[in-house]
Amino acid sequence: MKHFLSVKDVPDLSALVKEALAQKQNPFGNKHLGQNKTLGLLFFNASLRTRLSTQKAAQNLGMEVMVMNVTQDSWGLEMQEGAVMNGDKAEHVKEGAAVIGQYCDIIGVRSFAGLTDKEKDCQDEVISQFVKYAGVPIVSLESALRHPLQSLTDVITIEEYKTKPRPKVVLTWAPHPKALPQAVPNSFSEWMNVANVDFIITHPEGYELDTEFTGKARITYNQKEAFEGADFIYAKNWSSYQQYGQIVSKDPAWTVNAEKMKLTNKAKFMHCLPVRRNVVVMDEVLDSPESIVIPQAGNRVWAAQAVLKEILTSLPGK
Ligand SMILES: NCCC[C@H](NC(=O)CCC(=O)O)C(=O)O
Ligand SMILES: NC(=O)OP(=O)(O)O
């Protein structure tokens, strides 16, 4: 594996899931692999899970880790080619990424969609520029379009908790006070379309995702119908893709509650976190035994460890 940007970088998903579960069984068995290797983690946006779990995964593999909150600690990075840099950005990504690539063997980058300029977000500019200029493998820690470490985690977690070979997995939109990116639902859809699951997406009208990501998924505006017989409920808010970055509904009828969970096949409740309690999902669901959000977040370590291991073993000279 060179870069880890989407499911397209994974030649064999079930082999990668097996690898992650093997890392979970034996976390320190590959401690030699990362010796004298450095992982740089660059955050243009806030994080709890991604930052700590990726750092822990790297440490388990014997790597050194350097973390930078780019927007707070470093120079403002200009991303645009040919920019006349007489504004507030002090350094171009051509130099910035190339220099960080001199210090690191692998670089992780988190940069969310701005949600104002659809065309710009669709180009996934920040992560693409790092791939172009850093000269070392890049791991997406959530870009404008995708969150592949989260999606791999979700596949691993479904594998662990499923009670039938092909479970019914429902991605449901839920309300939120803020406009959020489409990266998590885009990416979850892409990965579910590769995994062996019966996949359904439900959301209000106006929340259609880009078909590039939803592909062959069934889509319904009827949340209750989607929940019937489901084995996994995966809740997430996202802002509108058509009316780009806008909130077109805050309808509390879409909040996940115990009554709706009764329609399911004792479904497990999943969310990538952070989650707004009693807006996205009621306490009665999040605090119930069916909620697996904490072990799901725990699995972020094994997803990151499997990916870093794959990249380390493909580094030149290995
Ligand atoms: N990395 C997981 C989700 C990150 C982000 N959520 C958020 O920004 C939530 C912020 C809040 O609830 O205020 C998203 O939806 O893409
Ligand atoms: N799920 C997730 O990526 O969490 P953080 O935003 O806290 O990293």
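Atoms within a ligand are numbered from 1 in the order they appear, just like the ligands themselves.
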Contact partition for F112 relative to ligand 1, non-hydrogen atoms under 4.0 Å: side chain

Passing option when Q305 is tested against Q59, Q23, E310 for side chain to side chain donor-acceptor pair (under 3.5 Å): Q23

N/O separation below 3.5 Å, L48 to ligand 2: yes

Ligand-side contact atoms (ligand 1) for residue partner H176, heavy atom cut-off under 4.0 Å: 11 (C), 12 (O)

Residue pair I200 / V169, side-chain heavy-atom distance below 4.5 Å: no

Of the listed options H147, R51, E142, closest to atom 3 (O) of ligand 2 (non-hydrogen atoms): H147

Heavy atom of the protein closest to atom 9 (C) of ligand 1 (residue, atom name, distance): L180 CD2, 3.8 Å

Any R110 heavy atom less than 4.0 Å from ligand 1: yes

Element-labelled atoms of ligand 1 that are located less than 4.0 Å from some non-hydrogen atom of K178: 10 (C), 11 (C), 13 (O)

Protein contact of atom 4 (O) of ligand 2 - nearest heavy atom, named by residue and atom, plus distance: R49 NE, 2.8 Å

Donor + acceptor pair across side chains of E228, T264 (<3.5 Å): no

Part of E142 with heavy atoms under 4.0 Å of ligand 1, whether side chain, backbone, both or neither: side chain

NZ/NE/NH1/NH2 to OD/OE distance under 4.0 Å, E142 and R110: yes

Within 45° cone of Y241 ring axis and under 6.0 Å: K118 NZ or CZ: yes

Electrostatic pair D231-K168, nearest N-O below 4.0 angstrom: no

N237 N/O to ligand 1 N/O under 3.5 Å: no

From CA spacing to verdict: side-chain hydrogen bond (donor to acceptor under 3.5 Å, both in side chains), N237, K178: CA-CA 9 Å; N237 170 269; K178 273 173 57 182; over 6 Å; no

Region of L273 that comes within reach of ligand 1 [heavy atoms, distance under 4.0 Å]: backbone

V256 vs M261, side chain to side chain contact (heavy atoms under 4.5 Å, CB included): CA-CA, chis, key distance, verdict: CA-CA 8 Å; V256 178; M261 291 298 283; 3.9 Å; yes

N or O contact, C272 vs ligand 2, cut-off under 3.5 Å: yes

Close-contact set for ligand 1 against K236 heavy atoms, below 4.0 Å: 14 (C), 15 (O)

Side-chain heavy atoms of D154 within contact of Y234, under 4.5 Å: yes

Atom 2 (C) of ligand 2 - nearest protein heavy atom and its distance: R300 NH1, 3.3 Å

Atom 13 (O) of ligand 1: nearest protein contact (heavy atom, Å): R276 NH2, 2.6 Å

Where ligand 2 meets L273 - atom numbers and elements under 4.0 angstrom, heavy-atom basis: 1 (N), 2 (C), 4 (O)

Numbered atoms and elements of ligand 1 in range of P181, under 4.0 angstrom, heavy atoms: 14 (C), 15 (O), 16 (O)

Ligand-side contact atoms (ligand 1) for residue partner H147, heavy atom cut-off under 4.0 Å: 1 (N)

No-hydrogen, no-angle side-chain donor-acceptor test under 3.5 Å, T157 and N299: yes

